[in-house]
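Below is one structure; the comments refer to it alone.
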Amino acid sequence: MNNSARSVTVKLLGKEYTISCPDGAEAELLASADFLNQKMKEIHNSGKVVGLERIAIMAALNTSHELIKSKEEQRQIVEGHLRRISGKIDQSLARMEATGDKE
């Protein structure tokens, strides 16, 4: 396993940050920084939050909330699929028992 790291410079609201990341993860880091920068710009442009640190915290909280909400929605979707599959299995087993099919 390769444990070497690289320094990557990202820009958030016009300020540059040098961040260490594992080799091969640079594109993901840059994509994450672009996403965060966009969220921070939205908050900054709303004019409701002042100060880079507060904007960053609000962006992090909003993104965390969206992630948690998305995970819950995905969990509910998976549970729904599992219930439908279970129902189909139960129906198939009931039909097999009713017709006397046994494997």
Side-chain angles (χ1 to χ4, degrees):
M1 178 178 250
N2 188 355
N3 289 331
S4 60
R6 290 192 59 200
S7 291
V8 177
T9 300
V10 298
K11 192 180 267 192
L12 300 171
L13 284 186
K15 188 171 179 181
E16 289 188 350
Y17 298 89
T18 301
I19 300 171
S20 180
C21 76
D23 277 339
E26 297 89 352
E28 289 139 350
L29 173 61
L30 291 171
S32 296
D34 286 342
F35 180 83
L36 177 58
N37 189 50
Q38 185 60 39
K39 293 293 183 183
M40 290 175 69
K41 281 182 181 179
E42 290 171 11
I43 293 167
H44 175 68
N45 291 340
S46 76
K48 295 178 182 177
V49 180
V50 179
L52 184 61
E53 183 176 304
R54 287 180 181 261
I55 291 170
I57 289 170
M58 288 305 301
L61 286 171
N62 290 343
T63 303
S64 296
H65 177 263
E66 290 169 10
L67 176 63
I68 289 168
K69 186 176 174 184
S70 176
K71 282 183 168 184
E72 178 60 22
E73 289 169 356
Q74 288 300 314
R75 186 188 63 77
Q76 289 177 0
I77 289 168
V78 168
E79 285 179 357
H81 289 314
L82 290 174
R83 278 192 299 275
R84 282 189 291 281
I85 291 169
S86 179
K88 288 180 181 183
I89 291 170
D90 289 344
Q91 288 173 356
S92 294
L93 289 173
R95 277 194 305 268
M96 287 175 62
E97 288 176 3
T99 60
D101 289 344
K102 295 185 180 176
E103 291 189 27

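Hydrogens, waters and symmetry mates play no part in the numbers below; they use all other heavy atoms, side chains included. Start at 1 with the first residue, then count along the sequence.
Atoms CG and CD, on Asn37 and Glu42 in that order, are 10.5 Å from each other to the nearest 0.5 Å. Remark: Asp90 CG to Lys88 NZ distance equals 12.5 Å, nearest 0.5 Å. We find the CD1-CD distance between Ile68 and Glu73 to be 12.5 Å, quoted to the nearest 0.5 Å. In this structure, CG in Leu30 is found 9.5 Å from OG1 in Thr9, a value given to the nearest 0.5 Å.
The nearest pair of heavy atoms linking Ile55 to Met40 is CG2-O, 3.5 Å. Contact between Leu12 and Ala33 at its shortest, heavy atoms only, is CD2-O, 3.5 Å.
The pair Lys69-Glu66 does not count as a salt bridge, with every side-chain nitrogen at least 4.0 angstrom from each carboxylate oxygen.
With hydrophobic clusters built from ILVMFWY side chains whose heavy atoms lie under 4.5 angstrom apart, Phe35 does not share a cluster with Leu29. Met58 and Tyr17 fall within the same hydrophobic cluster, defined by Ile, Leu, Val, Met, Phe, Trp and Tyr side-chain heavy atoms under 4.5 Å apart, directly or through other members. Follow the hydrophobic side-chain contacts under 4.5 Å out from Ile43 and you never reach Val50; the two are in separate clusters.
Other residues, nucleotides and ligands contribute at most 12 non-hydrogen atoms within 6.0 Å of the CD atom of Glu53.
Side chain of Gln74 to main chain of Glu72: no donor-acceptor pair is present (N/O by atom type, distance under 3.5 Å, no hydrogens or angles). The backbone N or O of Leu82 lies less than 3.5 Å from no partner atom in the side chain of Ser86, so there is not a single donor-acceptor pair.
Taking 4.5 Å as the limit, some side-chain heavy atom of Arg95 sits within range of a side-chain heavy atom of Ser92. The shortest side-chain heavy-atom distance between His81 and Arg84 falls under the 4.5 Å cut-off. A 4.5 Å side-chain heavy-atom check between Leu52 and His44 finds every atom pair outside the cut-off.
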